[in-house]
Visitor: 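Once you've had a glance at the structure underneath, I'll fire off some questions.
Atoms within each ligand, like the ligands themselves, are counted from 1 in listed order. FYI, side chains are in, hydrogens and waters are out, and symmetry mates aren't considered; it's all heavy atoms of this structure. Since we're looking at a predicted model, the values are computed, not measured.
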Amino acid sequence: MDTKIKQIDENSLILAKDIILCGGVVGIPTETVYGIGANAFDTAAVESIFKIKGRPNDNPLIVHVHKDYDILTLVKDIPDYAKLLAKAFLPGPLTMVYKSRGKVSEAVSCGLDTLAIRIPSHEGAQNFLKFVNLPIAAPSANVSKHVSPTSAEHVFNDLNGKIELILDGGKCVGGIESTVLDCTGKIPVILRSGLITRDMIAQVAGDCREYVYKEGARALSPGMKYKHYSPNCRTLMFFHEEIEKAVKEYNDELAKGVKAYILCDDNTAKLINVENVLNLGSTDNEIASNLYSKLREGEKIAELIIAVAPEKQDGVMVGVMNRLSKACAQGK
Ligand code: AMP
Ligand code: MG
């Protein structure tokens with residue numbers, strides 16, 4: 001199968017809809033990362049997403065809908081705080097988990113009685129979702145465990161020959177996956193951190209907790225169990241207080257003839273002043289936006305990426321640190 005990359009216009013939308021209605025999958029841009037989407041009502045199509053990615057079959061998918069879609073046909077028991085949050089942040093990088101009505105294929109939620117719903121703000125994503133007018137189950141468009149894609153080219157590099165079409169909506173500005181929020185309880189609980197932060201949610205909803213997964217426990221959001229977001233080269237991670245240790249490691253590896261690069265924010269880059277740097281930029285949003293593209297750039301040129309965590313650890317950096325530590329985790 002030849003994988004085509006097409007700008008989003010009437011012709012490519014017609015092709016995308018044809019593919020979706022025939023049970024195929026399409027690469028789609030969003031404001032966070034690129035996804036591969038299939039008709040959420042079509043079990044075979046949803047199952048093919050897991051096969052294409054090599055995704056573990058207990059890691060549920062998020063359903064994407066356009067902003068005028070009636071989500072009450074898919075989910076129930078939407079609490080008042082969720083309505084306020086939807087008003088404040090949607091369309092946008094916030095996925096909300098509700099009790100499912102069981103209307104979409106069971107393969108979407110991997111047997112959970114909940115359904116994760118997202119309304120992306122990306123114009124191309126909205127046009128596509130409106131045009132197909134179906135709930136689209138879509139995980140990130142990377143091979144499982146690899147770095148998430150933030151451009152059509154990244155998707156092509158991972159999935160060439162495995163999907164028919166990638167809709168090209170440019171570089172993703174957000175850069176890390178949506179915040180996943182459990183809205184089934186009295187208080188919203190963050191299952192995965194992202195650009196919509198705990199403070200932002202608490203300000204609107206009155207309160208917000210963060211779920212911490214403990215190894216071996218039943219995961220509320222199964223995705224949190226897995227090694228993720230990893231480049232195809234060796235990685236190490238150091239805390240900001242360990243800058244000197246990181247630079248020593250870098251110099252030791254260079255002396256051994258290893259092509260080592262330090263991945264860090266602009267402040268750290270100025271402090272350490274070494275030659276091989278993958279610079280993530282300065283502001284929180286820049287760092288999030290560049291994280292995956294720098295990891296993908298790094299795996300092409302480096303044998304070892306030494307990540308140094310940013311000094312700031314709150315707000316959007318919670319999400320960045322979550323991705324960075326998983327990207328650099330050893331083993332499964
Ligand atoms: P990805 O599609 O790769 O961005 O990952 C989707 C994330 O959403 C994973 O961490 C899933 O575990 C999580 N997720 C999807 N559906 C649900 C659900 N019904 N309940 C809890 N977490 C979910
Ligand atoms: Mg993913």
Side-chain angles (χ1 to χ4, degrees), residues 25 27-38 40 46 49-50 52-65 71 74-78 82 93-118 120 122 125 135-150 154-155 158-159 172 174-185 188-196 209-213 217-231 288 291-292 295-296 319 322-323 326-327 329:
V25 302
I28 48 172
T30 78
E31 70 279 20
T32 58
V33 301
Y34 274 71
I36 42 166
V46 174
I49 290 178
F50 288 85
I52 288 167
K53 284 190 56 129
R55 183 180 178 99
N57 62 8
D58 66 347
N59 189 8
L61 306 180
I62 294 169
V63 159
H64 295 64
V65 293
I71 66 163
L74 304 177
V75 293
K76 57 188 175 188
D77 304 341
I78 297 182
L94 177 67
T95 295
M96 299 167 88
V97 175
Y98 300 112
K99 283 270 176 252
S100 177
R101 286 192 190 274
K103 299 288 184 212
V104 300
S105 163
E106 276 189 2
V108 173
S109 289
C110 302
L112 298 175
D113 62 357
T114 53
L115 185 65
I117 304 254
R118 170 151 146 70
H122 188 287
I136 297 293
S140 53
N142 51 285
V143 167
S144 192
K145 299 192 177 73
H146 191 215
V147 183
S148 301
T150 54
H154 292 164
V155 181
D158 272 30
L159 301 180
C172 304
I176 58 173
E177 295 81 352
S178 60
T179 306
V180 178
L181 191 69
D182 182 355
C183 297
T184 61
V189 179
I190 293 179
L191 302 176
R192 176 176 73 187
S193 45
L195 296 173
I196 307 292
R209 298 208 181 121
E210 205 143 352
Y211 178 78
V212 182
Y213 171 64
R218 191 180 71 88
L220 260 188
S221 186
M224 55 183 56
K225 287 191 302 193
Y226 297 105
K227 178 181 161 85
H228 252 130
Y229 323 118
S230 301
L291 180 68
Y292 291 141
L295 285 169
R296 281 189 180 247
N322 164 275
R323 309 313 193 274
K326 285 192 177 171

Visitor: Are the side chain of T179 and the backbone N or O of I196 linked by a donor-acceptor pair below 3.5 Å?
Guide: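 Yes; judged by distance alone, with no hydrogens or angles, the pair exists.
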Visitor: Could you list the donor-acceptor pairs under 3.5 angstrom formed between side-chain atoms of residues 101-109 and any protein atom two or more places apart in sequence or on another chain?
Guide:
unit_1, atom_1, unit_2, atom_2, d
R101, NE, L72, O, 2.5
R101, NE, V75, O, 3.2
R101, NH2, L72, O, 3.4
S105, OG, T43, OG1, 2.8
S105, OG, A107, N, 3.1
S109, OG, T114, O, 2.7

Visitor: Give me the atom names and distance for the closest heavy-atom approach of P120 to A125.
Guide: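 For P120 versus A125, the nearest heavy atoms are CG-CB, 3.9 Å.
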Visitor: So I62 and S178, do their side chains get closer than 4.5 Å, heavy atoms only?
Guide: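 In contact.
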Visitor: Check for a donor-acceptor pair, side chain of R323 on one end and backbone N or O of E177 on the other, with a separation under 3.5 Å.
Guide: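 Present.
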Visitor: I'd like to know if D182 pairs up with R209 as an ion pair, taking the criterion as any Lys NZ or Arg NE/NH1/NH2 lying under 4.0 Å from an Asp or Glu carboxylate oxygen.
Guide: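 Here D182 does not pair with R209 in a salt bridge, since their nearest N and O are not under 4.0 Å apart.
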Visitor: So, are E31 and R118 salt-bridged, with charged N and O less than 4.0 Å apart?
Guide: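 Answer for the salt bridge query: yes.
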Visitor: Please identify which atoms of ligand 1 are closer than 4.0 Å to at least one heavy atom of P139.
Guide: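 Counting from 1, the qualifying ligand atoms are 2 (O).
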Visitor: Quick one: pull up NE2 in H64 and NE2 in H122 and give me the separation to the nearest 0.5 Å.
Guide: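 Output value for this atom pair is 12.0 Å.
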Visitor: Would you mind checking which non-hydrogen protein atom is closest to atom 22 (N) of ligand 1, with the distance to 0.1 Å?
Guide: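 Nearest protein contact, heavy atoms only, for atom 22 (N) of ligand 1 is S221 OG, 2.9 Å.
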Visitor: Determine whether a donor-acceptor pair (N or O, by modelled atom type, separation under 3.5 Å) exists between the side chain of S140 and the backbone of N142.
Guide: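 Not at all, since once roles are kept as given, no pair shorter than 3.5 Å links the two residues.
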Visitor: Say whether, by atom type as modelled, one donor and one acceptor occur between the side chain of R296 and the main chain of V147 under 3.5 angstrom.
Guide: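 Such a contact is found between R296 side chain and V147 backbone.
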Visitor: So, K53 side chain and L159 main chain: donor-acceptor pair closer than 3.5 Å or not?
Guide: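 A pair under 3.5 Å: no.
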Visitor: Only heavy atoms of L112, strictly under 4.0 Å: list the atoms of ligand 1 that pass.
Guide: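 It comes down to these atoms of ligand 1: 18 (C), 19 (N), 20 (N).
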Visitor: Heavy atoms only: which of I62, T32, N142, T184 lies closest to atom 8 (O) of ligand 1?
Guide: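 Looking at heavy atoms only, the winner is I62.
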Visitor: For ligand 1, which atoms, with element, lie under 4.0 Å from some heavy atom of A116?
Guide: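 With A116 as reference, the close atoms of ligand 1 come out as 15 (C), 16 (N), 17 (C), 19 (N).
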Visitor: May I ask you to check if ligand 1 and T114 share an N or O to N or O distance below 3.5 Å?
Guide: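 For ligand 1, there is an N or O atom that lies under 3.5 Å from one belonging to T114.
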Visitor: Please classify the V33 to ligand 1 contact at 4.0 Å (heavy-atom distances, strictly less than): side chain, backbone, both or neither.
Guide: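 It is neither; nothing of V33 touches ligand 1.
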Visitor: Going by the atom numbers of ligand 1, which of them fall below 4.0 Å from some non-hydrogen atom of N59?
Guide: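 Selected atoms, number and element: 9 (C), 11 (C), 12 (O).
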Visitor: What are the protein N/O/S atoms, named by residue and atom, that sit under 2.8 Å from the Mg ion (ligand 2)?
Guide: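 Near the Mg ion (ligand 2), the protein supplies S140 OG.
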Visitor: Using distance alone, decide if ligand 1 has a nitrogen or oxygen within less than 3.5 Å of any nitrogen or oxygen in R192.
Guide: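 In this structure, R192 places an N or O atom under 3.5 Å from an N or O of ligand 1.
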Visitor: Of the protein's non-hydrogen atoms, which lies at the shortest distance from atom 21 (C) of ligand 1, and what is that distance?
Guide: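 For atom 21 (C) of ligand 1, the nearest protein heavy atom is L220 O, 3.5 Å.
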Visitor: What is the closest protein heavy atom to atom 17 (C) of ligand 1, and at what distance does it sit?
Guide: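 In this structure, atom 17 (C) of ligand 1 has P60 CG, 3.5 Å as its nearest protein heavy atom.
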Visitor: Could you tell me the residue and atom name of the protein heavy atom closest to atom 12 (O) of ligand 1, and the distance to it rounded to 0.1 Å?
Guide: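 The closest heavy atom on the protein side is G223 N, 2.8 Å.
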Visitor: Check whether any N or O atom of R55, backbone or side chain, sits under 3.5 Å from an N or O atom of ligand 1, and answer yes or no.
Guide: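 Right, the criterion is met.
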Visitor: Judged by atom type as modelled, is there a donor-acceptor pair below 3.5 Å linking the side chain of R192 to the main-chain atoms of G319?
Guide: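 No, because the side chain of R192 does not come within donor-acceptor range (under 3.5 Å) of the backbone of G319.
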